[in-house]
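The structure appears right after this line, and notes come after that.
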Amino acid sequence: MRSDITVELVDHSASDIGVVRAARVSTVGERSHREERGEGYMNGLLKYLMRSRHGSPFEHNYMTFLVNAPIFTVRHMMRHRTWSFNEESARYREIKPVFYVPDSDRLLRQEGKPGDYQYVPGADGDHAMLATSASRAYQAAYEEYNVLLRAGVARELARMVLPVSTYSAVYATCNARALMHFLALRTNRSDAAYVSHPQREIEIVAEQMEDEFAKLMPLTHGAFEEFGRVSP
């Protein structure tokens with residue numbers, strides 16, 4: 001069992017100047033990609049685009065991430081339908097016995113009603129109980145998986161006994177506009193215009209993606225922060 005969830009930036013074509021060029025083609029035509037512009041000008045234009053919700057210039061780029069996370073977290077990612085995904089397939093390869101269990105810092109209980117709740121610490125012994133229960137379930141599930149495989153049942157059917165806490169690997173590609181929409185929904189920030197309450201595991205993915213986004217496109221990220229973390 002493991003508790004880490006990892007995100008690696010494996011490829012990209014993303015920059016602040018790319019957004020500026022895409023926006024300026026509307027007014028200066030094909031010269032937009034030839035003209036150099038200073039950081040002050042770029043920052044002002046990016047803020048204007050963000051504030052005015054002119055979103056299409058933020059789409060002319062891409063970032064590809066390799067994510068290793070439990071299946072239930074990968075399924076959260078796939079709710080974002082403007083992304084492109086390629087996931088490892090349990091139809092074609094035998095799954096390794098790697099399963100998720102949250103670390104001791106994970107808040108284990110929630111209070112409130114659906115759509116309006118908060119996470120709170122568990123009682124003493126909650127984490128140990130969860131880890132023990134998960135370990136028993138994982139061992140039983142993987143044993144049954146192997147029973148089916150040894151009997152000659154196809155991998156695509158044998159996988160049905162594995163839990164959604166099984167780790168999976170997925171390539172996930174998006175543009176900056178789609179990523180900002182993802183970040184707005186999948187992070188909990190009190191300074192956001194619309195405060196979201198994501199499950200912690202998908203928030204871990206989002207936080208790592210945001211770190212890379214901020215490095216690649218610092219002015220765009222700054223404007224995203226300044227105007228309430230709302231995707232244009």
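Keep in mind it's a predicted model, so treat the numbers as computed, not measured. Heavy atoms only: backbone and side chains are in, while hydrogens, waters and symmetry mates are out. We count residues from 1, following the sequence as given.
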Taking the side chain from [X] and the backbone from [Y], do they hold a donor-acceptor pair closer than 3.5 Å?
X      : Y      : answer
Glu203 : Thr187 : no
Ser13  : Tyr62  : no
Asn188 : Ser196 : yes
Arg53  : Ser231 : yes
Ser52  : Leu49  : no
His127 : Pro102 : yes

Practice task
Determine whether more than 12 heavy atoms belonging to other residues, nucleotides or ligands lie under 6.0 Å from atom CD of Glu207.
Solution key: yes
Could you tell me whether the side chains of [X] and [Y] share a donor-acceptor contact shorter than 3.5 Å?
X      : Y      : answer
Tyr100 : Glu201 : yes
Tyr171 : Thr64  : no
His221 : Glu210 : yes
Thr220 : Asp16  : yes

Does any non-hydrogen side-chain atom of [Y] lie less than 4.5 Å from one of [X]?
X      : Y      : result
Arg186 : Met209 : no
Val170 : Glu88  : no
Leu179 : Cys174 : yes
Asn43  : Lys47  : yes

Handout entry: Six-ring centre of Tyr145, Arg155 cation under 6.0 angstrom, axis tolerance 45°
Key = no
Practice task
Say whether Ile204 and Trp83 are linked into one hydrophobic cluster, either directly or through other cluster members, by side-chain heavy-atom distances under 4.5 angstrom.
Solution key: yes
Problem - Taking every non-hydrogen atom, the tightest pair across Tyr119 and Gln199 - result: OH-CA, 3.7 Å
Handout entry: Between Tyr48 and His54, ring centroids under 6.0 Å
Key = yes
Completion exercise
Result for side-chain contact (heavy atoms from CB on, under 4.5 Å) between Ser168 and one of Asn68, Ile71, Val67 points to Ile71
